[in-house]
Amino acid sequence: MSKGKYYITTAITYTSGKPHIGNTYEAVLADSIARFKRKDGYDVFFQTGTDEHGQKIEIKAQEAGVTPKEYVDKVSSSIRDIWDMMGTSYDKFIRTTDDYHEKQVQKIFKKLYDQGDIYKGAYEGMYCTPCESFWTESQLADGKCPDCGREVRPAKEEAYFFKMSKYADKLIEHINAHPEFIQPVSRKNEMMNNFLLPGLQDLCVSRTSFQWGIPVDFDDKHVVYVWLDALTNYITGIGYECGGEGTEQYRKYWPADLHLIGKDIIRFHTIYWPIFLMALGEPLPKQIFGHPWLLQGDGKMSKSKGNVIYADDLVDFFGVDAVRYFVLHEMPFDNDGVITWELMVERMNSDLANTLGNLVNRTISMSNKYFDGVICDKNVAEPVDEELKETAVQTYGKVCKKMEELRVADAISEIFALFKRCNKYIDETEPWVLGKNEDKKDRLATVLYNLVESISIGASLLEPYMPQTAGKIAAQLNTTLSSFEETTQFGRYPSGSRVTEKPEILFARLDAKEVTEKAEALFAARRAETGEKEEGTETLEEIIDIEKKPEISYDDFAKMQFQVGEIIACEEVKKSKKLLCSKVRVGSEIKQIVSGIKQHYSAEEMVGKKVMVLVNLKPATLAGVVSEGMLLCAEDAEGNLALMTPEKTMPAGAEIC
RNA sequence: GGCGAGAUAGCUCAGUUGGCUAGAGCAUACGGUUCAUACCCGUAGUGUCGAGGGUUCAAAUCCCCCUCUCGCUACCA
């Protein structure tokens with residue numbers, strides 16, 4: 001009976017805050033695949049969960065005045081609530097703070113250390129004691145400190161590293177031998193060309209800069225790097241035991257058949273994760289699919305704009321299944337999808353309300369009108385019936401084919417093609433004409449039977465994607481949903497059954513303008529709310545935390561000379577995407593300074609600005625152009641830059657101290 | 001700068017190994033119908049298939065070059 005096991009995972013969601021619709025999309029996509037496979041006869045295990053360690057969470061908890069654990073408990077359960085609301089049928093919701101997970105991660109770390117794959121090394125390579133600075137190999141000048149020219153030595157700041165290079169060749173081989181391993185294939189090239197072929201750097205797999213992580217049990221100053229922690233959830237969640245056989249469940253389900261992840265974390269899943277597994281001697285997952293993103297159409301989503309769309313907003317407006325339909329349908333295979341309120345309404349009206357909802361409604365209405373709701377197959381067939389029946393019984397095969405390639409949107413379209421065919425069938429058979437002629441009663445009954453049966457088949461196929469709706473349709477038709485196998489036979493609907501008297505509207509038509517206005521009001525309210533909070537607590541917008549650097553002495557600071565500079569000319573650096581070359585007057589001197597800010601400032605608008613310049617920086621050549629200093633900028637979390645300018649008018653050359 | 005993807009109807013996109021008047025959905029217009037949630041069915045479209053050149057009996061499809069967009073990556077003092 002069973003077609004075998006199928007283990008599918010989503011990425012685990014980071015518990016730093018409420019997930020937006022993009023995260024939810026992944027859960028719904030995985031869910032529809034899991035439900036499809038389950039119904040298709042596979043023994044499915046679907047795992048999702050939350051990733052709960054790291055510095056960001058430590059800081060967020062501190063801000064909120066709670067312990068990290070209290071913080072993640074709250075966020076994790078809210079994420080789980082959203083997944084539940086969306087009807088995701090996960091078999092396991094793992095949290096990286098679960099004790100069995102933490103224990104296994106510690107064991108894994110120890111094992112890798114004992115077998116020499118993880119070694120204790122120095123972070124950032126070279127250290128110059130007088131300057132108290134770390135330098136990477138590439139920063140060194142003739143093997144010496146670029147600052148003072150003195151000898152450097154390996155750093156004292158210790159950290160654990162993983163020997164990535166040891167397994168690189170094996171991984172390259174594997175990827176080449178299994179073209180389906182990384183999906184979509186375009187991602188495969190990126191990984192190969194940018195990381196694997198040039199040679200992998202060893203990965204630092206421990207941190208000492210914060211506490212909120214899994215401690216390295218034999219060296220408790222260190223916590224395990226979040227990715228090593230997070231990735232292993234895929235095995236710990238189903239019972240992996242380091243150094244042992246693992247549970248029966250583990251032996252049954254591993255390796256995973258599909259890791260569904262966002263395209264932004266492909267690198268971790270296609271390089272680091274397989275290498276960790278190789279080191280552990282475990283088989284590699286069969287496929288990693290980096291899905292595209294769901295973007296908001298009108299400008300980027302941001303909390304400060306107050307226009308972030310959350311799953312529960314959409315559910316309030318449209319209902320769970322409509323949202324599931326939308327995210328699944330609107331997401332193409334390898335391009336990013338767009339979400340706007342207008343598009344939501346359009347899909348809602350044309351596909352859900354008109355094509356599907358109205359079809360069910362009109363069919364039931366006619367059944368009630370002509371036969372008091374009793375559906376009987378009188379077997380008065382006509383040639384037109386054949387085409388409908390054929391479409392109905394063949395849909396499963398078409399859906400299946402699309403699902404094999406993970407083309408979920410296309411699979412759903414196939415089902416809707418059946419519903420459209422039903423509408424056409426009504427037009428062809430003209431039941432209202434048959435209804436006027438007593439001799440045609442039996443023909444009319446047959447037509448309605450065919451319709452009800454076709455709709456039942458469609459609903460059964462729709463179940464993995466829109467489970468609630470499928471159930472509602474079946475209930476209105478007073479039947480139960482069929483297995484996939486059964487949808488390939490026409491005529492399973494029990495003749496003589498009675499459909500509901502009063503069909504409930506499945507999807508109400510919506511007015512785009514009203515919805516947009518309502519959404520705008522919601523956002524305005526939200527902005528007002530965050531605005532109040534800002535005033536009340538003095539926390540403005542988003543705060544950003546960056547990695548802390550070691551304390552420096554005043555002498556260190558005094559070495560740097562900052563002055564106000566006036567930009568008197570500026571042009572683009574031809575060969576570069578990001579560089580602008582400015583002529584900056586600093587006192588009586590004119591310096592040429594190259595800066596990576598082309599994406600934020602045009603050459604024209606640079607001219608005339610008074611900016612903060614680090615003037616005594618050693619000159620360097622960038623993209624073939626000499627740069628004799630540095631323009632200072634502030635940078636936000638998205639990488640937007642703002643030049644630092646004096647708050648009052650100051651002459652070029654004024655010292656900044 | 002390196003690697004890669006893409007540019008097709010107003011919009012979102014399909015077009016397998018080059019082959020007959022280039023397609024689908026939505027939106028638009030017109031016609032039909034009335035069971036139904038002003039719904040459904042049909043018809044009609046418009047396209048220099050990004051620009052230019054080449055191979056071929058034949059190119060949206062292959063080759064060259066150009067422009068633009070996007071992704072990853074490097075640089076971003």
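Here is how names work: the chains are called A, B, and so on, in the same order as the sequence lines, proteins then strands, and each is numbered from 1.
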Can you name the residues that form a side chain to side chain contact (heavy atoms under 4.5 Å, CB included) with A/Gln476, not counting sequence neighbours?
A/Val360, A/Ile364, A/Thr500, A/Pro503, A/Glu504, A/Leu506

Would you list the protein and nucleotides 25-27 of chain B atom pairs, both N or O, that sit under 3.5 Å from each other?
unit_1 : atom_1 : unit_2   : atom_2 : d
B/G25  : O3'    : A/Lys420 : NZ     : 3.4
B/C26  : O2'    : A/Glu346 : OE2    : 2.5

When you look for runs of 3 or more Watson-Crick or G-U pairs in a row, both distances below 3.5 Å, which of them include RNA chain B?
B:1-7 with B:67-73, B:10-13 with B:23-26, B:28-32 with B:40-44, B:52-54 with B:62-64

When the P atoms of B/A14 and B/G52 are considered, how many whole Å apart are they?
24 Å

Under 4.0 Å between any heavy atoms, over every strand shown, what does A/Ile597 touch: base, sugar-phosphate, or nothing? Just pick one.
nothing

Atom pairs, protein N/O to nucleotides 32-36 of chain B N/O, distance under 3.5 Å:
unit_1 : atom_1 : unit_2   : atom_2 : d
B/C35  : O2     : A/Arg362 : NE     : 3.2
B/C35  : N3     : A/Arg362 : NE     : 3.3
B/C35  : N3     : A/Arg362 : NH2    : 2.6
B/C35  : N4     : A/Arg362 : NH2    : 2.9
B/A36  : O3'    : A/Asn361 : OD1    : 3.1
B/A36  : O2'    : A/Asn358 : OD1    : 2.5
B/A36  : O2'    : A/Asn361 : OD1    : 3.2
B/A36  : N1     : A/Arg362 : NH2    : 3.3
B/A36  : N3     : A/Asn358 : ND2    : 3.2
B/A36  : N3     : A/Arg362 : NE     : 3.1

Which part of the nucleic acid does A/Phe507 contact within heavy-atom distance under 4.0 Å: base, sugar-phosphate only, or nothing?
base

Test of understanding: with side chain to side chain contact (heavy atoms under 4.5 Å, CB included), list the residues that count as partners of A/Ala459, not counting sequence neighbours.
A/Ile473, A/Leu481

Whole-Å gap separating P (B/U73) and CG (A/Asp264)
11 Å

Are A/Tyr465 and A/His329 near enough that their ring centres are under 6.0 Å apart?
no

Reckon A/Lys424 has a side-chain N or O less than 4.0 Å from the OP1 or OP2 of B/C40?
no

Just the rounded figure in Å: distance from P of B/C40 to OH of A/Tyr425.
19 Å

Residues forming a ring pair (Phe, Tyr, Trp, His ring centres under 6.0 Å) with A/Phe562, sequence neighbours excluded:
none

